[in-house]
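The analysis underlying the following values was restricted to heavy atoms, covering all of them including side chains, and did not include hydrogens, waters or symmetry mates. Starting from 1, each residue takes its place in the sequence as its number.
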Amino acid sequence: DLTDGWHYVELDAAAGEVVVEAAGCRGAMLERMLLKTSFGRSWGTPMGSAALCTAPWQAKAPPGGYLIAAQVRAGAYIEQL
């Protein structure tokens with residue numbers, strides 16, 4: 001069922017902390033997402049032991065930069081960060 005799993009994400013960032021890297025897996029939906037911050041913290045969405053990684057992806061900010069948004073499309077489903 002494509003309605004199972006997580007539906008939104010929220011990162012409790014500290015003042016001045018920004019996302020510098022995002023990576024994950026996509027398929028019929030956004031299967032997995034991992035975020036790395038400028039403070040070195042990592043955060044990820046839940047993933048079961050039977051989950052697949054259909055197609056891995058990664059986005060890194062240039063040195064001194066940060067990521068503002070990401071959007072993944074798969075068929076009629078859209079997930080946004």
Shortest non-hydrogen separation from [X] to [Y] and the atoms involved:
X: Ala15; Y: Phe39; answer: O-CZ, 3.6 Å
X: Thr37; Y: Glu17; answer: OG1-OE2, 2.6 Å
X: Ala22; Y: Leu35; answer: CB-CD2, 3.7 Å

Problem - Gap between atom OG of Ser42 and atom CG of Leu34 - 0.5 Å precision - result: 7.5 Å
Exercise for the section: Determine yes or no for a side-chain-to-main-chain donor-acceptor pair under 3.5 angstrom, with Ser38 supplying the side chain and Val18 the backbone. Expected result: yes
Exercise for the section: May I ask you to test the Met33-Trp57 pair for a side-chain heavy-atom distance under 4.5 Å? Expected result: yes
Exercise for the section: Would you mind reporting whether Arg41 and Lys36 have side-chain heavy atoms less than 4.5 Å apart? Expected result: no
